[in-house]
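As structure tokens, the structure follows; a few thoughts come after it.
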Amino acid sequence: MNTNLLSNFKKFLLHCLGLFSVLSAFVSCTQAEPSKTEFALGTICTVTLFDEATDIIYDDIFNKIREIENLMSVNISASDISRINAAAGITPVHIDKDVFEVIEQAVYFAKISDGAFDPTIGNLVSLWGISSDSPRVPSREEIAEVLPLINWQDIELNENEQTVFLKRSSMALDLGAIAKGYAADAAAAIISKAGVKRAIIDLGGNIVLTGEKKDKSAWRVGIQNPVEQRGQYIGVLRILGEANKARTIVTSGVNERFIEKDGVHYHHIFSPDSGYPAENGLLSVTIITTNSMNADALSTAVFVLGYEKGRALIESIAETEAVFIFEDYSVKKTDGADLTITDNAFSLVNIK
Ligand code: FAD
Ligand code: MG
């Protein structure tokens, strides 16, 4: 087993430990339901089908997740994203329609977040290597060198040809902040098409709940404590399900992936302006909405934008709510988020 596989396997085991807590966050699902867990997209993916579960449906879901990984991962040299990056500044690349759709949406979120979310962040992500086996704090000079290569406006999309072109050589896409959400939506679509009325999809914390609970009560979902290991919660969100509709809960936070050097904590969500981890007093941002790709992109965008601008962005989008956890353990939320704090260390502040 090479070091990369070994470290992924270790992560798998760690995540497995956290998994039971993740599922136990759905405190009103008392019955043990069959579920399937696999390691994909660099994280633990669990799907729980509450009715009509068959091996075929589970297989369809995980095959689709793997197909998305094979197309969109920067760690797979034959992926569409790797091919686009290799052809940066040289030639447009014909890609799969799913990948085209995600890049198109990534450009949209870059635009509405004024570049706080930027899918051309690939070189910066590789430079820090926070998710790799050799993470490090780069020098200021190294960061200054890659910053000019980050600019979503240099992505050229050709819908008719289904091609993507990065206009400048050495530019690099990274869909790490949006593609997990896309995969969760794709899983939800398979579930809905198969006629399964209720399900939970959890792709490393990217959660989708489909349908309503049998007794029509609200789903209860724990909000991860951003300074503790996965599976520890600061409170519970109540989310009313609806037949044939999905709800999604996606969090971006400082403790998902990070390194520490000389007592400084460096997390994996970067400011495309400074090239350093975004710092604006936030520990995490959780988005609650109906489309998981949107939630994934927004959780990252809002984390980088910070509270004021981030809240304004969320309030401009229909059916979308947010919970913000700050470094002083205060918590703020948009009006429609039904949150009860259960950890006394954290307190809900009701002012804007
Ligand atoms: P999010 O906030 O949703 O995203 C943060 C991630 O987005 C960062 O890790 C970085 O990749 C990128 N990013 C950082 N800042 C910005 C910004 N300002 N704008 C836009 N993007 C930004 N992990 C592994 O360890 N090994 C793998 O082989 C692996 N393969 C993956 C393949 C795919 C297709 C996907 C989608 C993910 C994969 N991952 C892998 C996980 C990935 O590296 C990220 O850790 C993960 O997607 C981060 O998700 P998050 O929800 O924690 O944070
Ligand atoms: Mg995200």
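Computed from a prediction, not measured in an experiment: that's the story for all the values here. Numbering starts at 1 and runs along the sequence shown.
Here the CG-CD1 distance, from Leu339 to Ile288, works out to 8.0 Å after rounding to the nearest 0.5 Å. The structure places CD1 of Ile314 at 9.0 Å from CG of Leu305, a figure rounded to the nearest 0.5 Å. Here the CD-OG1 distance, from Glu69 to Thr43, works out to 10.5 Å after rounding to the nearest 0.5 Å. The structure places CZ of Arg66 at 13.0 Å from CD1 of Ile61, a figure rounded to the nearest 0.5 Å. Rounded to the nearest 0.5 Å, atoms CG (Leu41) and CD1 (Ile68) are 7.5 Å apart. Note that CG of Asn70 is 12.5 Å distant from CD1 of Ile81, once rounded to the nearest 0.5 Å.
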So Asp343 and Tyr329, side chain to side chain contact (heavy atoms under 4.5 Å, CB included) or not? Walk me through it.
CA-CA 10 Å; Asp343 181 337; Tyr329 290 14; over 6 Å; no

Salt bridge (Lys or Arg N to Asp or Glu O under 4.0 Å) assessment of Lys197 paired with Glu212:
CA-CA 8 Å; Lys197 292 193 184 69; Glu212 57 189 343; over 6 Å; no

Run the side chain to side chain donor-acceptor pair (under 3.5 Å) test on Thr334 and Glu321 for me, step by step, so that the C-alpha distance in whole Å, both residues' side-chain angles and the decisive distance to 0.1 Å come before the verdict.
CA-CA 6 Å; Thr334 54; Glu321 305 294 338; 2.5 Å; yes

In sequence, state the C-alpha distance, the side-chain angles, and the governing distance for Asp98 and Met72, and then conclude on side chain to side chain contact (heavy atoms under 4.5 Å, CB included).
CA-CA 9 Å; Asp98 287 3; Met72 304 191 198; 4.1 Å; yes

Would Lys36 and Asp59 satisfy salt bridge (Lys or Arg N to Asp or Glu O under 4.0 Å), going step by step from the backbone distance to the final call?
CA-CA 9 Å; Lys36 190 168 180 188; Asp59 287 348; 3.1 Å; yes

Under the side chain to side chain contact (heavy atoms under 4.5 Å, CB included) criterion, do Phe346 and Ile325 qualify, and how do the steps go?
CA-CA 9 Å; Phe346 293 83; Ile325 305 180; 3.7 Å; yes

Report the C-alpha distance between His268 and Phe303 in whole Å, list the side-chain angles of each, state the deciding distance to 0.1 Å, and finish with yes or no for ring-ring contact (aromatic ring centres under 6.0 Å, His included).
CA-CA 11 Å; His268 69 140; Phe303 191 96; 8.5 Å; no

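Within 6.0 Å of atom CD in Glu279, 12 or fewer heavy atoms from other residues, nucleotides or ligands are found, so the atom counts as exposed in its surroundings. The environment of CD1 in Ile90 is crowded: more than 12 heavy-atom neighbours from other residues, nucleotides or ligands sit within 6.0 Å. In the displayed structure, Glu159 atom CD is contacted under 6.0 Å by at most 12 heavy atoms of other residues, nucleotides or ligands. Under a cut-off of 6.0 angstrom, the local environment of CZ in Arg238 is sparse, with at most 12 non-hydrogen atoms contributed by other residues, nucleotides or ligands. Within 6.0 Å of the CG atom in Asn344, the count of heavy atoms belonging to other residues, nucleotides or ligands does not exceed 12. For NZ of Lys111, the number of neighbouring non-hydrogen atoms (other residues, nucleotides, ligands) closer than 6.0 Å is 12 at most. Applying the 6.0 Å contact sphere to CD of Gln162 captures more than 12 heavy atoms from other residues, nucleotides or ligands.
Panel note: side chain Asp262, backbone Val264; no donor-acceptor pair is recorded below 3.5 Å. Formation of a donor-acceptor pair under 3.5 Å by the Asn85 side chain with backbone atoms of Leu173 is found in this model. Formation of a donor-acceptor pair under 3.5 Å by the Ser192 side chain with backbone atoms of Ala188 is not found in this model. With Gln224 contributing its side chain and Gln229 its backbone, the two residues share a donor-acceptor pair below 3.5 Å. The main-chain N or O of Gly122 is never found under 3.5 Å from a side-chain atom of Asp174 such that the two would form a donor-acceptor pair. Thr46 contributes no side-chain N or O that, together with a main-chain N or O of Asp202, makes up a donor-acceptor pair within less than 3.5 Å. Between the side chain of Asp51 and the main chain of Val196, no donor-acceptor pair closer than 3.5 Å is present. For the pair His94 (side chain) and Glu161 (backbone), a donor-acceptor distance under 3.5 Å is present. At least one donor-acceptor pair closer than 3.5 Å links the side chain of Asn123 to the backbone N or O of Ser170. Under the 3.5 Å distance criterion, the side-chain polar atoms of Thr248 are matched with a main-chain donor or acceptor of Ile207.
Under the 4.5 Å side-chain heavy-atom criterion for ILVMFWY residues, a single connected hydrophobic cluster contains both Phe109 and Phe100. Phe270 and Leu175 fall into different hydrophobic clusters, defined by Ile, Leu, Val, Met, Phe, Trp and Tyr side-chain heavy atoms under 4.5 Å apart, directly or through other members. In the hydrophobic clustering of this structure, Phe258 does not group with Leu127; members are Ile, Leu, Val, Met, Phe, Trp, Tyr whose side-chain heavy atoms approach within less than 4.5 Å, directly or through other members. Residue Val146 is not grouped with residue Trp152 when hydrophobic side chains (ILVMFWY) are merged at heavy-atom distances under 4.5 angstrom, including chains of intermediate members. No continuous path of hydrophobic side-chain contacts links Ile121 to Tyr182 [ILVMFWY only; heavy atoms under 4.5 Å].
Shown here for Val304 and Ser271, the closest heavy-atom pair between the two residues is CG1-CA, 4.1 Å. In plain terms, the two heavy atoms of Asn225 and Ile234 that are nearest each other are CA-CG2, 3.5 Å. Across all their heavy atoms, Tyr276 and Pro138 have their closest contact at OH-O, 4.5 Å. The two residues Ala184 and Val208 have their closest heavy-atom pair at CB-CG2, 3.7 Å. When all heavy atoms are compared, the tightest approach of Lys332 to Val349 is CG-O, 3.8 Å. Nearest heavy-atom pair, Ser73 versus Ser79, reported as atom, atom and distance to 0.1 Å: O-OG, 2.6 Å.
Test Asn151, Asp154, Thr120 against Arg168 for side chain to side chain donor-acceptor pair (under 3.5 Å) and you get one pass: Asp154.
Asn206 and Ser292 share a donor-acceptor pair across their side chains, judged by distance under 3.5 Å alone.
Contact of the His267 side chain with the Glu256 side chain is not registered, since no non-hydrogen atoms from C-beta on lie closer than 4.5 Å. Ile84 is listed as a side-chain neighbour of Leu166, based on a closest heavy-atom distance under 4.5 Å. Under the 4.5 Å side-chain criterion, counting only non-hydrogen atoms from C-beta, Asn255 is in contact with His265. Contact of the Val93 side chain with the Val164 side chain is not registered, since no non-hydrogen atoms from C-beta on lie closer than 4.5 Å. Side-chain atoms of Val236 and Thr342, non-hydrogen and from C-beta on, do get closer than 4.5 Å to each other. Proximity of Asn280 to Tyr307: side-chain heavy atoms (C-beta onward) are nowhere separated by under 4.5 Å. Gln105 has its side chain within reach of Met293: a pair of non-hydrogen atoms, C-beta onward, lies under 4.5 Å apart. Contact annotation: the side chain of Ile95 approaches that of Ile103 to within less than 4.5 Å [non-hydrogen atoms, C-beta and beyond].
A salt bridge between Glu319 and Lys245 is present, with a side-chain N of the basic residue lying under 4.0 Å from a carboxylate O of the acidic one. Of the charged side-chain nitrogens involved, at least one lies within less than 4.0 Å of a carboxylate oxygen, so that Arg136 and Glu142 count as a salt-bridged pair. Salt bridge Glu101/Lys97: absent, no basic N to carboxylate O contact under 4.0 Å.
In this pair, Tyr266 and Trp128 present their aromatic rings tilted. The plane angle is within the 30 to 60° band.
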